[in-house]
**Q** 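Could you have a look at this structure, given as structure tokens, before my questions?
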Amino acid sequence: MKIKIKISNYTISEEKTFIIAEGCDNHFGSLDNAIKMTESAKLSGADCIKFQHHLPDEEMLKDSPSSSNFSEPLYDFLKKNALKLSDHKKLKEHCEKIGIIYLCTPFSLKAAQELFSIGCTEFKIGSGEMTDIPTLLEIAKFAKSLIISTGMSTFEEIDRTYFALKKTNVNFCLLNCISEYPTLYEDLNLKVIPKMISRYQDIFIGHSDHTSDIYSSIVAVAFGARIIEKHVTLDKSLKGPDDDVSIDFSELKKMIQQIRDIEKALGDKKKVHTNEKEIRKWAFRSIVSVKNIESNQIITKDMIWSKRPGTGIPSFEMEKIIGKKTNKKISKNSLLRWEDIT
């Protein structure tokens, strides 16, 4: 049985996919933009809007190399565009007001401690911090739940983090992830999701998607992901570190609608459904005479075959009919009835 994990008032389960709209730094430091993102995420049907709390001097050296997808040094970008703790507090309060879950990624222990000081007890951990076990163990001392991405890592590295956190009291789940911006399809390897489900059977597995489309997230749900994280932006023309992997809110709405449809389709019962019963009557095959058959005549194989509708003797009974004797005349192209033979 999987350990229950709560994110605010939401309990992650097998029945419904928890959908996170990742606002990342697509607000460009504007609280107004961030608030618009929370409202757009709510209208799109997302369960959660997530932001990031950056304290650049706590998380990186000033001369750390930047990702190849963005020309400006990340340190400089974050110095100019990171939200302040007071902004996160206002965002959290606004999310509570409009009825969407606020979540945040701390990129350092101090950032997590600051978020905890404004009432955050659940955190999303980025792939870059997944192997930082000293920091994770410190966060686990005050966090109730963690959602952890696993990009850029091997199963052995994920195992190490999994077993380290299993020794703590924190509840956590793992997200399959490829940390390419955007992700090449040949690198996606979505079948890793069922492997993770099998390998870590007591926790929920999700998918953090860095493609520029929506359908890979939908397929991830079909493979068993019960959390989807997708980058979002108010305007796809804005240039930032995450623009290549961000969808707009109309695309997010479409993705969520399709995920909800897929969830309905994931049953495992094979049965005749109510809406199939009428179709069975005409679509299945019955035994039909293909020539005139006289009364008191032995039925041979060349006299009968299968045709629609399926309201007569089922065609799989054909061997039982061959060799029987008719007790009435049967015209060509007639459904055979059990009462017509002896």
Side-chain angles (χ1 to χ4, degrees), residues 1-22 46-50 92 95 100-106 109 112-113 115-116 119-177 189-209 217 220-230 259-260 262-263 266-268:
M1 178 178 289
K2 296 189 187 299
I3 297 169
K4 286 186 178 180
I5 179 168
K6 291 197 73 173
I7 305 296
S8 185
N9 60 351
Y10 188 106
T11 302
I12 293 172
S13 69
E14 296 283 7
E15 287 71 39
K16 186 182 177 187
T17 308
F18 183 61
I19 299 176
I20 303 169
E22 163 62 296
D47 301 298
C48 173
I49 177 79
K50 188 187 82 65
K92 185 174 184 295
C95 286
I100 190 170
I101 295 169
Y102 164 89
L103 192 62
C104 196
T105 295
L109 176 58
Q113 292 168 334
L115 289 169
F116 183 69
C120 297
T121 56
E122 299 94 19
F123 303 96
K124 164 67 201 307
I125 304 298
S127 294
E129 291 66 51
M130 194 278 295
T131 60
D132 185 7
I133 291 177
T135 297
L136 291 179
L137 293 180
E138 287 300 314
I139 294 175
K141 291 178 181 179
F142 53 85
K144 290 182 180 178
S145 302
L146 301 177
I147 298 175
I148 306 170
S149 281
T150 60
M152 307 175 289
S153 59
T154 65
F155 269 127
E156 290 71 24
E157 290 169 324
I158 301 170
D159 287 348
R160 185 166 58 229
T161 294
Y162 170 85
F163 288 113
L165 289 176
K166 290 298 289 183
K167 296 176 183 177
T168 72
N169 292 321
V170 72
N171 291 325
F172 67 97
C173 52
L174 298 172
L175 304 187
N176 177 55
C177 180
N189 287 290
L190 289 174
K191 289 183 180 180
V192 167
I193 294 170
K195 286 187 176 182
M196 291 179 72
I197 292 170
S198 176
R199 192 179 186 101
Y200 311 110
Q201 295 184 12
D202 60 339
I203 63 173
F204 285 99
I205 301 299
H207 180 64
S208 180
D209 190 14
S217 289
V221 171
F223 276 126
R226 288 299 164 261
I227 305 159
I228 291 293
E229 179 185 51
K230 189 70 180 174
I259 284 175
R260 298 305 178 216
I262 287 294
E263 288 171 337
L266 293 177
D268 61 1

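Computed from a prediction, not measured in an experiment: that's the story for all the values here.
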**Q** So, do Ile20 and Asp47 sit near enough that their side-chain heavy atoms are less than 4.5 Å apart?
**A** no

**Q** I need the Ile147 CD1 to Leu103 CG distance, nearest 0.5 Å.
**A**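 Ile147 atom CD1 to Leu103 atom CG measures 5.5 Å (nearest 0.5 Å).
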
**Q** Could you go through the side-chain contact (heavy atoms from CB on, under 4.5 Å) check for Phe155 and Val192 one step at a time?
**A** CA-CA 10 Å; Phe155 269 127; Val192 167; 4.2 Å; yes

**Q** Can you confirm whether Leu175 sits close enough to Glu229 that some side-chain heavy atom of one is under 4.5 Å from a side-chain heavy atom of the other?
**A**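 Yes, at least one pair of side-chain atoms sits under 4.5 Å.
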
**Q** State, with a plain yes or no, whether a side-chain heavy atom of Arg260 is found less than 4.5 Å away from one of Ile19.
**A** yes

**Q** Would you mind reporting whether Arg199 and Ile205 have side-chain heavy atoms less than 4.5 Å apart?
**A** no

**Q** I'd like to know if the side chain of Glu138 reaches the main chain of Thr135, judged simply by a donor and an acceptor atom lying under 3.5 Å from each other, with no hydrogens or angles considered.
**A** no

**Q** Please answer whether the main-chain N or O of Lys124 pairs with a side-chain N or O of Thr105 as donor and acceptor at a distance below 3.5 Å.
**A**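 Yes, the answer is positive, given that a donor and an acceptor are paired below the 3.5 Å cut-off.
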
**Q** Does Glu122 use its side chain to pair, donor to acceptor, with the backbone of Leu146 at less than 3.5 Å?
**A**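 Checked: no pair found.
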
**Q** Do Ser145 side-chain atoms and Lys6 backbone N/O form a donor-acceptor pair below 3.5 Å?
**A**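 Yes, Ser145 side chain to Lys6 backbone: donor-acceptor pair under 3.5 Å.
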
**Q** Closer than 3.5 angstrom, by distance alone: can the side chain of Arg226 be matched with the main-chain N or O of Glu14 as a donor-acceptor pair?
**A**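 The answer is yes, because a donor-acceptor pair under 3.5 Å joins these two groups.
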
**Q** Please report the C-alpha distance between Val170 and Lys144 in whole Å, then the side-chain angles of each, then the deciding distance to 0.1 Å, and finally whether the side-chain contact (heavy atoms from CB on, under 4.5 Å) criterion is met.
**A** CA-CA 5 Å; Val170 72; Lys144 290 182 180 178; over 6 Å; no

**Q** If you define the side chain from C-beta out and look only at heavy atoms, does anything of Ile49 sit under 4.5 Å from Ile101?
**A**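 Ile49 does not reach Ile101 side chain to side chain.
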
**Q** Is a side-chain donor or acceptor of Ser127 paired with a backbone partner of Gly151 at a separation under 3.5 angstrom?
**A**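 Checking the backbone N and O of Gly151 against the side chain of Ser127, a donor-acceptor pair under 3.5 Å is found.
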
**Q** Can you check whether Ile158's main-chain N or O pairs, donor with acceptor, with Thr161's side chain at less than 3.5 Å?
**A** no

**Q** Students often mix this up, so state it plainly: with edges at 30° and 60°, are the rings of Phe116 and Phe142 parallel, tilted or perpendicular?
**A**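 Phe116 and Phe142: tilted rings.
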
**Q** For residues Gly224 and Ile193, report the shortest heavy-atom separation together with the two atoms involved.
**A**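 Minimum heavy-atom contact is C-CG2, 4.2 Å.
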
**Q** From Ile148 CD1 over to Cys177 SG, what is the distance, rounded to the nearest 0.5 angstrom?
**A**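 Reported to 0.5 Å precision, the distance equals 12.5 Å.
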
**Q** Please name all residues satisfying ring pair (Phe, Tyr, Trp, His ring centres under 6.0 Å) with Tyr102, sequence neighbours left out, ordered by chain then number.
**A**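 If we apply the ring pair (Phe, Tyr, Trp, His ring centres under 6.0 Å) test to Tyr102, skipping adjacent residues, there are no hits.
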
**Q** Using side-chain contact (heavy atoms from CB on, under 4.5 Å), reason through His207 and Leu190 one step at a time and then give a plain yes or no.
**A** CA-CA 9 Å; His207 180 64; Leu190 289 174; 3.7 Å; yes

**Q** If I take atom NZ from residue Lys141 and atom CG from residue Leu137, how far apart are they, to the nearest 0.5 angstrom?
**A**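 It is 8.0 Å, given to the nearest 0.5 Å.
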
**Q** Compare every heavy atom of Ser217 with every heavy atom of Lys230, then report the nearest pair and how far apart it is.
**A**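 Minimum heavy-atom separation between Lys230 and Ser217: CD-OG, 4.0 Å.
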
**Q** Please step through side-chain contact (heavy atoms from CB on, under 4.5 Å) for the pair Val221 and Leu266, ending with a clear verdict.
**A** CA-CA 9 Å; Val221 171; Leu266 293 177; 4.3 Å; yes

**Q** Using 4.0 Å as the upper bound for N to carboxylate O, is an ion pair formed by Lys2 and Asp202?
**A** no

**Q** Using every non-hydrogen atom in the two residues, find where Thr150 and Asn176 come nearest and quote the distance to one decimal.
**A**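 Distance-wise, the nearest heavy atoms are OG1-CA, 3.7 Å.
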
**Q** Could you pull out all residues at least two apart from Phe223 that satisfy ring pair (Phe, Tyr, Trp, His ring centres under 6.0 Å)?
**A** none

**Q** Taking the side chain as every heavy atom from C-beta outward, state whether Lys166 and Ile3 have any pair of such atoms under 4.5 Å apart.
**A** yes

**Q** For the CD1 atom of Ile125 and the CG atom of Asp132, what is their distance to the nearest 0.5 Å?
**A** 9.5 Å

**Q** Below 30° counts as parallel, above 60° as perpendicular, anything between as tilted: where do the rings of Phe172 and Tyr162 land?
**A**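 Judged by the thresholds at 30° and 60°, the geometry between Phe172 and Tyr162 is perpendicular.
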
**Q** Looking at every non-hydrogen atom in both residues, tell me the closest pair between Cys173 and Ile5 and how far apart they are.
**A**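 In terms of heavy atoms, the two residues are closest at SG-CD1, 3.7 Å.
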
**Q** Would Lys50 and Glu22 pass as an ion pair if we require N to O under 4.0 Å?
**A**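 A salt bridge links Lys50 with Glu22.
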
**Q** Please identify each residue that fulfils ring pair (Phe, Tyr, Trp, His ring centres under 6.0 Å) with Phe18, with sequence neighbours left out.
**A**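 Expected list: Tyr10.
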
**Q** Work out which heavy atom in Leu165 is nearest to a heavy atom in Thr168; give both atom names and the distance.
**A**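 Reported closest heavy-atom pair: O-OG1, 2.7 Å.
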
**Q** Looking only at heavy atoms, what is the nearest atom pair of Leu115 and Pro106, with distance?
**A**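 Closest pair (atom of Leu115, atom of Pro106, distance): CD1-CB, 4.0 Å.
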
